[in-house]
Structure formats: C-alpha cells, structure tokens
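This report refers to the structure that appears directly beneath it.
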Amino acid sequence: MSDTFHTPDPFDAIIVGSGAGGGVVAKVLSTAGKRVLLLERGHALAWADVSRDHLRNHRLSLYGINTGPAALGNPRVIVTPQGEERILPSPNLDGYQNNAMVVGGGTLVYGAQAWRFLPQDFRMASLYGIPQGSGLADWPISYEDLAPDYERAEQEIGVCGDASRMTLHGKRDRPFPMPPMVPNRQAEVLGSAATRMGWQTAPVPLLINSVPYNGRPACVHCGACVGFACPSDSKNGSQNTVIRTALATGNCTLVTEAIVTSIDTDARGKVVGVTYVVGRNFRSSVRAKCVVVSAGAIETARLLLNSKSDHHPAGLGNHSDNVGRNLCGHYYPGATANFDDIVTDCVGPGVSISTCQFNHGNKGIIGGGMLANEFTKLPIIYWRGAFGPGMKRWGLAAKEYVRHNYLRSMHVQGPVHDISSPEGRVTVDANVRDQWGLPVARLSGTVHPETVRTADFMAEKAEQWLREAGAREVWTGKSGLHLSGGQHQAGTARMGHDPKSSVTDPFGRVHGHENLFVADGSLHVTNGGFNPVLTIMALGYRVGRRVAEAI
Ligand SMILES: Cc1cc2nc3c(=O)[nH]c(=O)nc-3n(C[C@H](O)[C@H](O)[C@H](O)COP(=O)(O)OP(=O)(O)OC[C@H]3O[C@@H](n4cnc5c(N)ncnc54)[C@H](O)[C@@H]3O)c2cc1C
C-alpha cells in the first residue's frame, strides 16, 4: 500500500459514514460554512445500480444483498447465546446484524417509517425501574429537548403523515409537511376493528413524498420501498436530501469507497484526524479540527475500539469499558392472518395504519411497542413467511394456497422497546481480520430477557387486532432470547452525563475529548418502541449544531 492519495487538509470536520446521522451532520456543518470531508466506505448508487433481485436485497438476503459491504473480505464473528463462536464470512448471513453500507447508509433502501419516540421512551428506567442485569437507563435529554430537531428532520428531509391523529405522541409545534398516504384496503379493515376495540390509530408517518416535495415527485405506489432504492426518487434518504444540499454548498467533499481505518491522535492523545483507505492501493491520513463518527452502531464501536494508542490503550472513549455495550435493535413480533374476503390491494408502500396503544401502560410489562400492518410483500417473502402452521411450501397445494390467500392475507407487526444488556455487545476480535487487516466486529451476548416477555405480549396484541378485523385464521410465534441489532442497531456509544456509565455527553461529544463526536444510532440510550431513523436524524441536527459551535 502506498500513501499516494492525498486530499487537501486540514478540514474543519471529517465525518465517517454518510448514513442517517452522518448525512445530517454534513448538511448542518457545510451550510454553516464549515469545510467538511465526508468519508463513506460504500459506493454512490443510483436506482439503476441497486439490484431488484428478490433473493438478494436488504429485505430478503438469502443469497446476497444489493448494496455494500461486499460479500468477501468483510467477515464478522458471532458468539451465540449457547457460547458457540462462528465466523460469518458474508454480510447476508443470519447473525451478521447487517445494515446497508452505501452512500445514504440504511436510508437508501429503508422502508422510511418516520417515528418520533414518545416522551416516556426517554425515561424508561424512571418509569419501570432497572431490571437486574439490564442496561436500562434514562436518556440525559427529554423528548422536549429533541422535539425541535425532530421537526427539522420532518420538514427538511420530508415526512408525510397525519399528526392530528397521533394523540398518544408528545407535543409538536407543526404538522407534517405532507399529508399522509391514501389509506389502503388493509388500513380500512384494521381501522374499523381498532375503533370497535377503542384503540387509537393513525396513518404511518413516512419519509416518502405523498405529494411532490423539495423538487422531487410523489410516490408512484409501486410497493418496492423496503430493501430497495426508490424508482421514482420519492423516498427521502440522506443521499437525495441532506447530502445533496451539503454538496451543493461547495463546502463538502464526499469520498466514496473510502474506509476509515483509524481515528488518529497526537502524542498528547488529542484527536487530529483519520486515516482512510481507498481500494487496495491508496491510503491517506487527513487532518481536521474535529472528527464525527457516524458509521452505524456496530462499525462506530469497532472504529473507536480499533483506534488504540499509548494514551488510549482500550480504544477511544473506552476508558470505562462502555464502548460497544448495550447493543440493541428491535425484536419485531407480530401475527399473520387469512381472511375470507380480499383485504390486500398491493398498493405501495403498503404499511398504512398503526396503533401506539401499547407502547406503554401495559400491566406487568416493561414498555411495549407500536404495531402496524406490513409493507407490500414480495411474492417470495409471502411464500417464505406467510404460510400457516403445517402448510407445505411445495406442490400443487402450495401453489393453490398462494393463489387463493395472497390477497386475503394480512400481517401486523412492530418494533418492541428492547431492554438492553451490557453483555449484548460489540468488541473487536483478537484473531479475525478484514481485507484491510483490521480486527473485525465480534458480536456476543443477548438483550435482557424482559425483552422477550414484552415481545410475546405484543404478538398477542397483533393477533387480537387481526381476529377483531375478521380473520378466519391467525397465527403467531413465541420469541427466543438472542442478540438484537441488525437494521435498527443502536446503543453502543450511549449518551449520558456520567463518563463512568456513558460514552458521550448529551450532545454526542465523546467524554474526555473536546473534538471527537458520535452522531448515529450508537447514541441511543434506549431504542424506543419505534423504528429509529427519525431519532437518529434529529440527533444529527443536535450534534451537528454543537460541532459547528466547537470549530
Ligand atoms: C431494509 C431496511 C429497512 C429499514 N426501514 C426502516 C424504517 O422503515 N424506519 C426506520 O426508522 N429505520 C429503518 N431502517 C433502519 C435505518 O436505515 C437505520 O436505523 C439508519 O440508517 C441508521 O443510521 P446510522 O446513521 O446509525 O447508520 P447508517 O445509516 O447505517 O450509516 C452508516 C454509514 O457508515 C458507513 N461506514 C461504516 N463504517 C465506515 C468506515 N470505517 N469508514 C467509512 N464509512 C463507514 C456505512 O457504509 C454506512 O453508509 C431500515 C434499514 C434497512 C436496511
């Protein structure tokens, strides 16, 4: 490897990763006139570059995925709850806890559900106590602290929805900038059932244009949102909103296929910049006044832990052994049903109606979660996941089952507020290295068992909803205890006031470092009973402002 690739330096800020958090920080800093270097290990992919293969995508990754990381050269190690250690050579494999590595990160291929957390979600320990062995804690900030940044994310990146019906949510100052998507057939059926049971419902807020917005068109309702790039450019991710704005300022330089291998410190232990590698031949050490790590909860922890020095022998920010701990994501329980009548119209996005009736206040249960009907299902996903118990997946009977039931089927599910455990964690492996020679992420432990109880409770609620809606048959399953992470990964560099129990301060600044920040899902103290991305974006605005003040 030669050091022949040079970029001008020093920058005001280097941002590692261009996903939900990093994209917002790039926008905030570059529009404030700061010189920004945005380093992204993935490619910049247009819609036509992202495969539409139903077996190789971020919704169903049986044989591969349709963004990065590459299938070879990026292994991870997983230790199962039974203590068995396995090397996972490829990101599409079960247990890898993958998210998309590409310009835009997860937001290029996400489903775009755009939830604010509830006020109670920021006070889980105070509300429920701390189960023994869990990492449950309050956030150092309240919903009210984050509300203006939720609003910025909704207005600037673009969310459609109907806030007037989200009666269980915290106070907000402005409605969504776009009306909700027109309800589909499933929403009508489930909505009537919820009314009969006295459950609150609302359209699912989405980072998708229900009408033309910010110079891009309205959704064409194709139903291929989740796992794929958007053919009409109506889905709002980092890559086509905040990063576009950042680049247009002329202050932001985006380098793709550039993996940051270390955060560099000087002889006194102060952060001075990063070293990154492009391909196999070019390495560059770049200097900046400030570094913001936005690599996603697993890779952020890995990078901090791999950035060791004499001053920081356990890695950066890891003086109290908190980096990588409390990895959480979301258990996603639900129920599937068959109806006598047609209940599905396949009009995309598909996810259309939600209830927040059971996010909190469930007797004997810690937390809860939101429930919604599912995105329009790819036929192969229906084939794999929506057959009733005991049904065979081959032969004439299976074909007839699909033909009859596909449009008569519904699936209700939702993310459970995971109760994390400090033992569910990311470390770096002592033996296994990636194609650049860096120790890979080693994932071990599980969430706290209370998560399983909450998940089983929520599955029963999904079943109840479908039965009331008139389902002929409904089935669900019990959850097992396992590690959580995956597409909703969070929690590995949590914010807090106390450096003994947290990695960053309430503005994402790593304790003990004046110029090192984190801005991604890692900051989450808990992960809400909601899909997390709007919270990550809101925190991006909050951290970005603080970085701009610091440089
Ligand atoms: C199929 C799918 C559906 C989803 N649906 C929803 C949804 O409906 N609603 C919702 O709220 N959330 C959803 N999510 C999750 C959401 O996308 C993530 O929560 C969010 O993108 C995480 O943001 P982040 O900033 O933490 O990290 P990411 O968005 O993962 O960004 C991290 C970026 O850092 C880059 N990177 C990592 N390491 C390095 C390095 N060393 N050097 C340089 N670059 C690096 C990665 O390539 C990546 O681009 C979905 C995700 C997927 C994949």
Side-chain angles (χ1 to χ4, degrees), residues 18-20 42-71 74 90-115 181 184 186 204 206-209 219-240 296 298 329-330 332 334 336 344 346-352 372-386 406 409 411-415 484-489 521 530-534 536:
S18 68
H43 299 258
L45 299 180
W47 172 75
D49 304 323
V50 181
S51 164
R52 272 90 72 200
D53 185 334
H54 285 194
L55 300 172
R56 296 172 184 81
N57 61 75
H58 282 277
R59 191 54 159 178
L60 183 62
S61 56
L62 273 183
Y63 302 118
I65 51 176
N66 50 356
T67 69
N74 299 293
S90 175
N92 68 306
L93 298 172
D94 273 357
Y96 190 96
Q97 310 291 351
N98 193 30
N99 204 351
M101 295 204 184
V102 63
V103 173
T107 74
L108 181 72
V109 292
Y110 65 1
Q113 292 194 50
W115 292 99
M181 295 282 172
N184 62 12
Q186 295 194 358
V204 174
L206 293 164
L207 284 140
I208 301 178
N209 293 351
C219 171
V220 295
H221 305 293
C222 69
C225 317
V226 58
F228 301 91
C230 175
S232 57
D233 201 21
S234 315
K235 186 165 70 172
N236 304 319
S238 298
Q239 75 291 340
N240 59 354
I298 292 174
H330 282 124
Y332 226 100
T336 308
T344 295
C346 294
V347 174
V351 64
S352 188
N373 71 314
E374 178 47 335
F375 287 91
T376 300
K377 275 197 198 314
L378 298 178
I380 187 68
I381 290 185
Y382 178 83
W383 186 271
R384 275 173 61 83
Y406 182 79
S409 159
H411 182 186
V412 165
Q413 61 177 1
S484 203
Q487 296 172 348
H488 291 188
Q489 59 188 259
F530 295 100
N531 311 59
V533 83
L534 198 76
I536 297 171

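Note that the coordinates shown come from a computational prediction; the quantities given were computed from them, not determined experimentally.
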Margin query: For the residue pair Q239 / S18, report whether a side-chain donor-acceptor contact shorter than 3.5 Å exists.
Written below: no
Check: Heavy-atom distance under 4.5 Å between the side chains of T344 and Q186, does that happen here?
Finding: yes
Next item on the list: Looking only at non-hydrogen atoms, find the nearest pair between P69 and N74 and report the distance.
Entry: CB-ND2, 3.8 Å
Next item on the list: Might you point out which heavy atoms bring A112 and I208 nearest each other, and give the distance in Å?
Entry: CB-CG1, 3.7 Å
Note to self: With rounding to the nearest 0.5 angstrom, report the NE2 to CE distance, H221 to M181.
What the structure shows: 6.0 Å
Item checked: Side chain to side chain, L108 and V103, heavy atoms closer than 4.5 Å -> no
Margin query: Any heavy-atom pair between the side chains of V109 and N57 that's under 4.5 Å?
Written below: no
Check: Is a side-chain donor-acceptor pair under 3.5 Å present for N98 with N92?
Finding: no
Next item on the list: For V347 and N184, work out which heavy atoms get closest and say how close.
Entry: O-ND2, 4.1 Å
Check: Is there a donor-acceptor pair closer than 3.5 Å between any side-chain N or O of S51 and the backbone N or O of N66?
Finding: no
Check: Under 4.5 Å between any side-chain heavy atoms of W115 and L534, yes or no?
Finding: no
Check: Got a second to check how far H54's NE2 is from F228's CZ, nearest 0.5 Å?
Finding: 5.0 Å
Item checked: Least distance between heavy atoms, Q113 atom then N531 atom -> OE1-OD1, 3.5 Å
Item checked: Non-neighbouring partners of Y110 that pass ring pair (Phe, Tyr, Trp, His ring centres under 6.0 Å), sequence neighbours left out -> none
Notebook entry, point to check: What distance do D94 atom CG and S61 atom OG have between them, rounded to the nearest 0.5 Å?
Noted result: 7.5 Å
Item checked: Test ring pair (Phe, Tyr, Trp, His ring centres under 6.0 Å) applied to H58 - qualifying residues, sequence neighbours left out -> none
Checklist line | Gap between atom SG of C225 and atom CG of L206 - 0.5 Å precision | finding: 7.5 Å
Next item on the list: Of all the heavy-atom pairs spanning Q489 and Q97, show the shortest one and how long it is.
Entry: NE2-O, 3.2 Å
Next item on the list: Considering non-hydrogen atoms only, spot the tightest contact between G348 and T376 and give its length.
Entry: CA-OG1, 3.9 Å
Next item on the list: Answer yes or no: are there more than 12 heavy-atom neighbours, outside R384 itself, under 6.0 Å from its atom CZ?
Entry: no
Margin query: Rounded at 0.5 Å granularity, tell me how far NE2 in H411 sits from OG1 in T336.
Written below: 4.0 Å
Notebook entry, point to check: OG1 of T107 to CG of N240: how many Å apart, nearest 0.5 Å?
Noted result: 7.5 Å
Check: Is W47 close to R52 at the side-chain level, that is, under 4.5 Å between some pair of heavy atoms?
Finding: yes
